[in-house]
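Everything below concerns the one structure shown next.
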Amino acid sequence: MTLFSWSRRGLMAAVGAALVAGGLGGPATAQTPPGVLIVGQIAEPKSLDPAAVTAVNDFRILVNVYEGLTRYKSGTLEVEPALATGWEISEDGTQYTFTLREGVTFHDGAPLNAEAVKFNFDRMLDESHPYHDTGPFPLSFFFGAVTATEVVDDMTVRFTLNAPYAPFLSNLAYPTGLIVSPAAVAAHGKEFGRNPSGTGPFKFAEWRSNEAVVVERNDAYWGDPAGTQAVVFRPITDANTRVAEMLAGGIDMMVEVPPTSLGQFQGDSFSVAEQAGPHVWFLILNAKEGPFADKRVRQAANYAINKEAIVNDVLEGTATVAAGPTPPAFAWAYNEALDPYPYDPEKAKALIAEAGAEGAELTFFVTEGGSGMLDPVPMGTAIQADLEAVGFDVKIETYEWNTFLGEVNPGLEGKADMAEMAWMTNDPDTLPYLALRSEAWPDKGGFNSGYYANPKVDELLEAARTATDQAERARLYREMQTIVQEDAPWVFVANWKQNAVTNDRVTNFGLEPSFLLHLQGVVKN
């Protein structure tokens with residue numbers, strides 16, 4: 001491993017040269033510089049404040065700049081120590097006491113201590129906190145069970161929960177639980193998301209809007225030093241342009257390679273990485289108003305769409321057909337007794353006729369690209385054709401990813417009948433709790449953008465997250481999946497195997513089942 005000790009001026013000059021070589025408008029004509037890893041991202045990040053974002057696209061940057069009390073053990077979704085060296089859980093499961101790692105400092109020089117941890121969670125959960133308005137904390141649901149965060153001593157912090165909460169340690173490892181510098185938040189206020197400071201192996205250097213986010217190696221890092229001098233995350237929203245840049249040498253790594261392009265990266269010049277993980281691609285159906293307020297019409301949509309054709313023809317076999325809201329990667333909680341809705345257009349037509357919805361007009365929100373969205377425009381076009389074949393009149397409206405989220409996350413009411421969506425989650429609790437409960441409607445702070453409501457599903461999800469026995473949690477989740485599949489608040493489309501490609505100058509890279517992009521150990525020659 002070769003580590004470079006360039007000056008900051010030399011580093012930024014090299015990064016600038018890399019961007020020019022990449023020809024921000026076209027393929028590169030020269031190799032990128034050694035020691036600087038250029039990553040082709042699918043979109044511009046919304047923010048570099050981990051408490052303010054929801055997209056894996058943003059998380060892939062953040063996990064290299066920040067750390068949490070826990071993290072996922074490499075190659076798994078099992079939790080291990082990170083900024084905490086250990087923890088104790090009370091017998092009743094409502095108190096977690098963490099011992100913090102000694103000698104850790106934030107990138108701005110401030111020390112990591114219990115007060116800093118308390119600041120992070122109070123900022124997120126306490127509306128009266130002086131820096132709460134730096135939010136908006138869209139995933140604060142992850143820590144909704146926390147009633148108090150207490151400083152026991154300088155290096156010990158205790159969380160008190162309102163009930164046992166099985167996903168707590170896993171949620172602390174998720175990007176929403178990453179610890180930010182209180183001093184940096186105080187200094188930058190609402191602009192903290194453009195001026196981040198964490199404890200990770202890389203520290204923030206520069207953000208050129210719509211061009212690049214640059215992070216450089218943190219030489220004061222408490223653990224093993226990063227293997228590259230800097231990482232440049234370039235937003236390249238058009239998938240074909242990303243492929244062209246990768247082939248021409250303008251970027252060293254590309255995430256979410258379009259399935260139809262994977263064949264271009266065979267041979268010694270490139271390495272393709274694949275990793276299964278908990279992913280589900282689905283259509284949100286507006287169950288509050290319009291045709292999909294009728295369960296029969298929602299079921300009809302599930303029968304009408306040829307998901308096998310989408311998986312095999314559009315996605316080139318890189319995914320499997322989804323059977324319900326829980327990905328099969330959560331094997332212990334997955335309901336294997338459920339079969340996907342079969343492709344049955346005649347059944348779909350019968351249900352539509354029974355509901356009196358023949359010829360219904362549907363507005364369909366489609367995104368140009370986004371985290372885990374696979375090939376959303378061709379998928380949307382195929383779905384449109386299948387729905388029109390059974391008698392619907394479908395109008396597609398297409399949006400850039402962050403604009404799309406701004407339309408969909410606040411809810412579809414008055415705007416659309418259906419929308420594409422994909423989630424990559426860390427626990428079988430996460431997606432249904434945030435997107436299927438009646439208390440997760442957008443006006444209540446959740447992501448149930450289709451306004452689905454079933455009291456039994458609510459009951460099962462509340463019971464599952466407080467169950468301390470995994471077998472009991474699994475039983476509750478499997479029952480939930482059965483009900484949700486029958487109610488069909490979504491069209492269940494695909495479960496994806498993630499991928500990435502690197503050039504032959506990149507070594508020691510691997511994908512994680514968390515879908516996060518950990519680059520600390522990566523070396524760029």
Side-chain angles (χ1 to χ4, degrees), residues 43 46-47 49-59 124-125 127 132-145 171 174-176 193 280-295 297-298 301 325 362-367 370-373 376 397-425 427 429-462 465 480 484 487-492:
K46 179 180 179 181
S47 171
D49 179 353
V53 295
T54 63
V56 170
N57 182 68
D58 300 19
F59 293 163
M124 184 189 306
L125 301 172
E127 294 183 2
H132 183 76
D133 66 354
T134 60
F137 314 109
L139 295 183
S140 59
F141 270 109
F142 275 66
F143 303 107
N171 285 357
Y174 200 69
T176 309
V280 60
W281 198 104
F282 56 99
L283 301 179
I284 305 170
L285 304 180
N286 185 341
K288 187 176 185 181
E289 60 184 7
F292 292 129
D294 190 316
K295 180 171 76 171
V297 184
R298 300 196 300 270
L362 303 177
T363 299
F364 179 18
F365 283 179
V366 169
T367 180
S371 303
M373 292 305 300
E397 295 184 11
T398 305
Y399 298 92
E400 176 275 330
W401 176 235
N402 285 317
T403 304
F404 176 82
L405 292 178
E407 291 288 338
V408 174
N409 286 347
L412 300 183
E413 183 177 9
K415 294 183 289 186
D417 299 287
M418 53 193 292
E420 298 179 336
M421 189 51 65
W423 276 63
M424 295 168 278
T425 59
D427 189 274
D429 168 80
T430 307
L431 175 56
Y433 195 82
L434 294 181
L436 287 173
R437 286 181 312 125
S438 58
E439 287 298 310
W441 284 24
D443 62 346
K444 299 175 184 177
F447 294 87
N448 187 347
S449 299
Y451 317 99
Y452 171 64
N454 184 313
K456 183 61 176 178
V457 169
D458 292 346
E459 176 188 323
L460 290 167
L461 289 172
E462 292 293 348
R465 65 178 5 214
M480 175 274 296
V484 170
D487 283 348
W490 303 338
V491 175
F492 312 105

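Because the structure is predicted, anything quoted here is derived from the model rather than measured. Note: hydrogens, waters and symmetry copies are ignored here, and every other heavy atom, side chains too, is used.
Between the CG atom of Asp58 and the NZ atom of Lys46 there is a distance of 8.5 Å, given to the nearest 0.5 Å. A distance of 4.5 Å separates OH of Tyr174 from CZ of Phe59, quoted to the nearest 0.5 Å. Within the model, atoms CG of Leu412 and CZ of Phe292 stand 11.0 Å from one another, a figure rounded to the nearest 0.5 Å. The distance from atom CE of Met418 to atom CG of Leu283, rounded to the nearest 0.5 Å, is 4.5 Å. Rounding to the nearest 0.5 Å places CZ of Phe447 at 10.5 Å from CD1 of Ile284. Separation of atoms OG (Ser438) and CG (Asn448) is listed at 8.0 Å; rounding is to 0.5 Å.
Contact check for Val484 versus Pro489: side-chain heavy atoms found under the 4.5 Å cut-off. Side-chain contact check for Thr176 versus Met124: some heavy-atom pair is nearer than 4.5 Å. Residues Leu460 and Arg437 have side chains not in contact (no heavy-atom distance under 4.5 Å, counting atoms from C-beta outward). At least one side-chain heavy atom of Tyr452 sits under 4.5 Å from a side-chain heavy atom of Val457. Counting heavy atoms from C-beta outward, Tyr433 and Glu462 have side chains that approach closer than 4.5 Å. Side-chain contact check for Phe141 versus Thr430: every heavy-atom pair is 4.5 Å or farther apart. The closest side-chain heavy-atom distance from Leu436 to Trp490 is below 4.5 Å. Within the 4.5 Å cutoff, no side-chain heavy atoms of Leu285 are placed close to those of Val297.
Residues that satisfy the side chain to side chain donor-acceptor pair (under 3.5 Å) test with Lys288, not counting sequence neighbours, are Glu413. Every side chain to side chain donor-acceptor pair (under 3.5 Å) that Asp49 has, sequence neighbours left out, goes to Arg123. With sequence neighbours excluded, the residues forming a side chain to side chain donor-acceptor pair (under 3.5 Å) with Asn286 are Glu289, listed by chain and number.
Side-chain N or O atoms of Ser449 include one that pairs as donor or acceptor with a backbone N or O of Val408 at under 3.5 Å. Using a distance-only test at 3.5 Å, with no hydrogens or angles considered, a donor-acceptor pair links the side chain of Asn57 to the main chain of Ala43. Asn454 places a side-chain N or O within 3.5 Å of a backbone atom of Lys456 that can act as its donor or acceptor partner. Not a single donor-acceptor pair under 3.5 Å links the side chain of Asp417 to the backbone N or O of Pro291.
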Q) Hey, mind stepping through Val280 and Thr425 against side chain to side chain contact (heavy atoms under 4.5 Å, CB included) and telling me if it holds? A) CA-CA 9 Å; Val280 60; Thr425 59; over 6 Å; no
Q | Step-by-step side chain to side chain contact (heavy atoms under 4.5 Å, CB included) determination, Asp458 to Glu439 | A | CA-CA 8 Å; Asp458 292 346; Glu439 287 298 310; 5.7 Å; no
Q | Steps toward side chain to side chain contact (heavy atoms under 4.5 Å, CB included) verdict (Ser140, Leu125) | A | CA-CA 7 Å; Ser140 59; Leu125 301 172; 4.3 Å; yes
Q.
Using the rule given for side chain to side chain contact (heavy atoms under 4.5 Å, CB included), can you reason through Met421 versus Leu405, listing the C-alpha separation, both sets of side-chain angles and the distance that settles it, and then say yes or no?
A. CA-CA 9 Å; Met421 189 51 65; Leu405 292 178; 4.2 Å; yes
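Closest approach of Met373 and Trp401 over heavy atoms only: CG-CZ3, 3.6 Å. Minimum interatomic distance between Ala435 and Ala440 (heavy atoms only, all atoms of both residues): N-CB, 4.4 Å. Smallest separation of non-hydrogen atoms from Tyr451 and Pro442: CE2-CD, 4.0 Å. Closest non-hydrogen pair, Pro325 versus Met480, comes out as CG-SD, 4.1 Å. Residues Gly372 and Trp281 come closest through the heavy atom pair O-CD1, 3.5 Å. In plain terms, the two heavy atoms of Ser371 and Ala422 that are nearest each other are O-CB, 4.1 Å.
Electrostatic pairing of Asp429 and Arg465 counts as a salt bridge here, judged by a charged N lying under 4.0 Å from a carboxylate O.
Taking the six-membered ring where tryptophan is involved, the planes of Phe365 and Tyr399 are perpendicular, since the angle between them exceeds 60° and thus also 30°.
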